[in-house]
Amino acid sequence: MRHLNFPTKKLSLRTMSDKKVRVRFAPSPTGGLHLGGVRTALFNYLFAKKNKGDFILRVEDTDQNRYVEGAEAYIIDCLNWCGIIPDESPVTPGQYAPYRQSERKSIYREYAERLVMQGHAYYAFDTAEELDKNRKEIPNFQYGQVYRDGLRNSLSLPQHEVDQLLADHTPHVIRIKIPADQTVSFTDMIRGRVSFETNQVDDKVLLKADGMPTYHLAVVVDDYLMKISHAFRGEEWLPSAPVHLLLWDYLGWKANMPQWAHLPLILKPDGHGKLSKRDGARLGFPVYAMNWFDAKTGELTPGFRELGFLPEAFVNLLATLGWNDGSDREIFNIDELADKFSIERISKAGAKFDFEKAKWFNAEWIKKVKGERLKVEVRKVLADKGVIIKDDAYLLTVIELIKDRCTLLPDFYQQSAYFFQTPAEYDLNAVKPKWTDEKTDFFNSLAVMLNSVETLVAADLETSFKALAEEKGLKTGDVMLPFRIMLVGGKFGPHVFDIAALLGKDETINRVEKALVAFK
RNA sequence: GGCCCGUUCGUCUAGGGGUUAGGACGUUAGAUUUUCAUUCUAGAAACAGGGGUUCGAUUCCCCUACGGGCUACCA
């Protein structure tokens, strides 16, 4: 048995130092961008920034059938929103353009043919139906060394027949010829030594009948051509690593092969399997970064952004899902993450996604950022609800006053609308049962008193409010809540005297008088 | 089924041959807030099981179990 060993970590660390760090995020434009996808992009980006390298966005659109219009633009928007900006991409090409695999189509055949010439690949003429039949009838069927001789390919067919088939433009694919009895092993940056027996690996298609490469060929060719130094991808790719390793070897590029890092998967919160779009709908939280609208089905899949997440929080929660800096710290901005990032601290096991913790991150970030930072978002939230904001400085004061009580951006509506408009409804259950004529009298007097002051100052108002209550023989506590309901409409919000001061004298009096009518 | 990867509180995780196994989310109780939220304090809560190795294993090794991934002319 032959052993095909790829550089150990130690060995390749040496090559790493003299090789510029270049990493790529390579999504396929088949729909919205999933949590796991954004995290893969993020880890790539953080690693690149940490090592003063380049972060490349490469679009893997080799599957014509699954291609979705608008998905690429959506992916770029997502990355922009998160602050994960590529150094090279289809829209900001560098010297390795083009960055869409569909536009690189002509490149791949040459390499596939080269492999055929060298005996590492072969033409296969089997139809999909024939293969389906085999898979159904033969247990554990694989297109590989055991069965390939009985199938229709350039290894099993006589040369003249192969020539004829090719001359006739018979639809065919090119498959890699996986060698027998070898052990392929390599060092994954996250998992350490990983090995595979080639007898278990099947002859994957490299070039499809339509002339497009499969992922397996394209990823190797492009990573080589684009001088990728470190390749991060989801753990679901681990089983196909031996195919890629063999290709790097056969193409003669072994010395340039990137170091691999297979990221742990993000799993469903409640049970089994990878997190998917369906789980979001089922469990009531988003799995996409931003809203995704499928023009074909008319289906809208909700995103974190539209639900009211700050990109700072989204990035933060993704980074700490499967990574930590070794301390108890959990809150980091993207620059701090880039500074602290290290592959050694990525965990090996998949992580179940916890939406409660995700919301906590957002609440922390809303508390952390300055009101100024939130202005645009809050303005939009309020505008969507028809709230008109005239005074910018007033808005800022309101935001600062209430942001500690908001978890998601839309919470700003319920927490702040009463600063901009008189309550339309009152929590009457909280006041009516205990309402008395004495209280009516108190608030009438309060209105008179308010009228006599120049401007409302929270502390002064509190003092005179309490004094008036005492004078009227009422407990402060008995009139505090009604006063709040008058101004706010409900049992929530900051200190009631702060609210009154912000609202101003006239509006406070106005609300007291209006509420008095409703409370009777 | 085959192959590969993984396994510390419910969840995300720290730790690592001798620890009261630490933190965070959530949860429970209390304090503060004459509202609600914030904040603060305290509590419950974990090393999958079995064999080794060792004076000693949650930590190292093996097996089992369980979980996950892959097994397409999809990525």
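Letters go in sequence order (proteins before strands), and every chain restarts at 1. Please read all numbers here as calculations on a predicted model, not as lab measurements.
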For B/C9 versus B/C70, give the span between their P atoms, rounded off to a whole number of Å. 25 Å
Describe the nucleic acid contact of A/Pro494 in one word from base, sugar-phosphate, nothing, applying a heavy-atom distance below 4.0 Å. base
Nearest-Å distance for atom pair CD/P, residues A/Glu236 and B/G67: 20 Å
Looking only at atom P, what distance separates B/U64 and B/A24, rounded to whole Å? 39 Å
Check the distance between B/C61's P and A/Arg193's CZ and give it to me in whole angstrom. 17 Å
Partner of A/Glu235 under salt bridge (charged side-chain N to carboxylate O under 4.0 Å, His left out), picked from A/Arg191, A/Arg39, A/Lys274, is A/Arg191
Taking any heavy-atom pair under 4.0 Å as a contact, classify A/Asp203: base, sugar-phosphate, or nothing. nothing
Considering every strand and a 4.0 Å limit on heavy-atom distances, what is the contact class for A/Gly490: base, sugar-phosphate, or nothing? nothing
From the candidates B/C12, B/A75, B/C4, the one with an atom nearest any side-chain atom of A/Phe196 is B/C4
Between B/C74, B/U39, B/U71, which nucleotide has the shortest distance from any of its atoms to the side chain of A/Thr214? B/C74
Using a heavy-atom cut-off of 4.0 Å across all strands, would you classify A/Ala209 as base, sugar-phosphate, or nothing? base
Assign the ring pair A/Phe353 / A/Phe304 to parallel, tilted or perpendicular, where the plane angle (0 to 90°) is split at 30° and 60°. perpendicular
Could you give the CZ-to-P distance, from A/Arg191 to B/C3, as a whole number of Å? 19 Å
Could you give the distance separating B/G10 and B/U27 at their C1' atoms, to the nearest angstrom? 9 Å
Nucleotide B/C73, atom P - distance to CZ of A/Arg66 in whole Å: 14 Å
Taking only the side-chain nitrogens and oxygens of A/Arg175, find out if one of them lies under 4.0 Å from OP1 or OP2 of B/C73. yes
Under 4.0 Å between a side-chain N/O of A/Thr30 and OP1 or OP2 of B/A75, yes or no? no
Taking only side-chain nitrogens and oxygens of A/Thr407, does any of them come within less than 4.0 Å of OP1 or OP2 of B/A37? no
For a salt bridge (Lys or Arg N to Asp or Glu O under 4.0 Å) check, start with the C-alpha distance between A/Glu364 and A/Lys368, then their side-chain angles and the critical distance, and finish with the verdict. CA-CA 6 Å; A/Glu364 289 299 305; A/Lys368 187 179 158 79; over 6 Å; no
Expressed in whole Å, how much space separates the C1' atoms belonging to B/G22 and B/A14? 6 Å
Under 4.0 Å between a side-chain N or O of A/Asn324 and OP1 or OP2 of B/U13? no
Please tell me which of the listed nucleotides, B/U13, B/U38, B/C70, lies nearest to the side chain of A/Lys274? B/C70
In whole angstroms, the gap separating P of B/A24 from CG of A/Asn362 amounts to 20 Å
Do A/Asn44 and A/Arg24 have side-chain N/O donor and acceptor atoms under 3.5 Å apart? no
Minimum-distance nucleotide to A/Leu481 side chain [options: B/A24, B/A75, B/U35]: B/U35
Please measure how far the P atom in B/A45 lies from the corresponding atom in B/G23, and state the result in whole Å. 14 Å
Give me the distance, rounded to whole Å, that separates B/A44 from B/C62 when you measure between the P atoms they each carry. 37 Å
All pairs passing side-chain hydrogen bond (donor to acceptor under 3.5 Å, both in side chains) where residues 59-72 of chain A contributes a residue, at least two apart: A/Arg58-A/Glu60, A/Glu60-A/Gln101, A/Asp61-A/Ser102, A/Glu72-A/Arg100
How far, in whole Å, is B/G30 from B/C12 if one measures between their C1' atoms? 27 Å
What is the nucleic acid contact for A/Val205, judged by heavy atoms within less than 4.0 Å: base, sugar-phosphate only, or nothing? sugar-phosphate
Expressed as a whole number of angstroms, how long is the span from A/Leu238:CG to B/C4:P? 11 Å
Have a look at A/Thr62 and say if it touches a base, only the backbone sugar-phosphate, or nothing, with a 4.0 Å heavy-atom cut-off. sugar-phosphate
Taking the side chain of A/Glu330 as its heavy atoms from C-beta onward, which of B/A75, B/U35, B/G23 lies nearest to it? B/G23
Return no unless some side-chain N or O of A/Lys352 is found under 4.0 Å from OP1 or OP2 of B/C25. no
Rounded to whole Å, please give me the gap between CG in A/Leu321 and C1' in B/U11. 10 Å
Under 3.5 Å, is there an N or O donor on one side and an acceptor on the other linking the side chain of A/Lys204 and the base of B/A72? no
With a 4.0 Å cut-off on heavy atoms, is A/Ser327 in touch with a base, just the backbone sugar-phosphate, or nothing at all? nothing
Take atom P in B/A75 and the same atom in B/U39, then report the distance between them in whole Å. 47 Å
Please confirm whether any donor atom in the side chain of A/Asn140 sits under 3.5 Å from an acceptor in the base of B/G2, or the reverse. no
Matching residue for A/Lys403 among A/Val398, A/Leu374, A/Val378 - test: side-chain contact (heavy atoms from CB on, under 4.5 Å): A/Leu374
What integer distance in Å separates A/His495:NE2 from B/U32:P? 14 Å
Can you pull the side-chain hydrogen bond (donor to acceptor under 3.5 Å, both in side chains) pairs that have at least one residue in residues 206-221 of chain A, sequence neighbours excluded? A/Tyr215-A/Arg233
Quick note, A/Val194 side chain, CB onward, closest among B/U35, B/C4, B/C25 is B/C4
Is the ring pair A/Tyr426/A/Phe519 parallel, tilted or perpendicular, if the boundaries are 30 and 60 degrees? perpendicular
Check if the side chain of A/Thr476 and the base of B/U34 share a donor-acceptor pair of N or O atoms closer than 3.5 Å. yes
What's A/Lys359 touching, base or sugar-phosphate or nothing? Going by heavy atoms closer than 4.0 Å. nothing
Check whether any side-chain N or O of A/Arg135 sits under 4.0 Å from OP1 or OP2 of B/C73, and answer yes or no. yes
Of the nucleotides B/U38, B/G6, B/G68, which one has an atom closest to the side chain of A/Leu267? B/G68
So what does A/Ser195 touch, heavy atoms closer than 4.0 Å: a base, only the sugar-phosphate, or nothing? sugar-phosphate
For B/G15 and A/Arg345 - does any side-chain N or O of the residue sit under 4.0 Å from the phosphate oxygens OP1/OP2? yes
Is the distance from OP1 or OP2 of B/U13 to the nearest side-chain N or O of A/Lys357 less than 4.0 Å? no
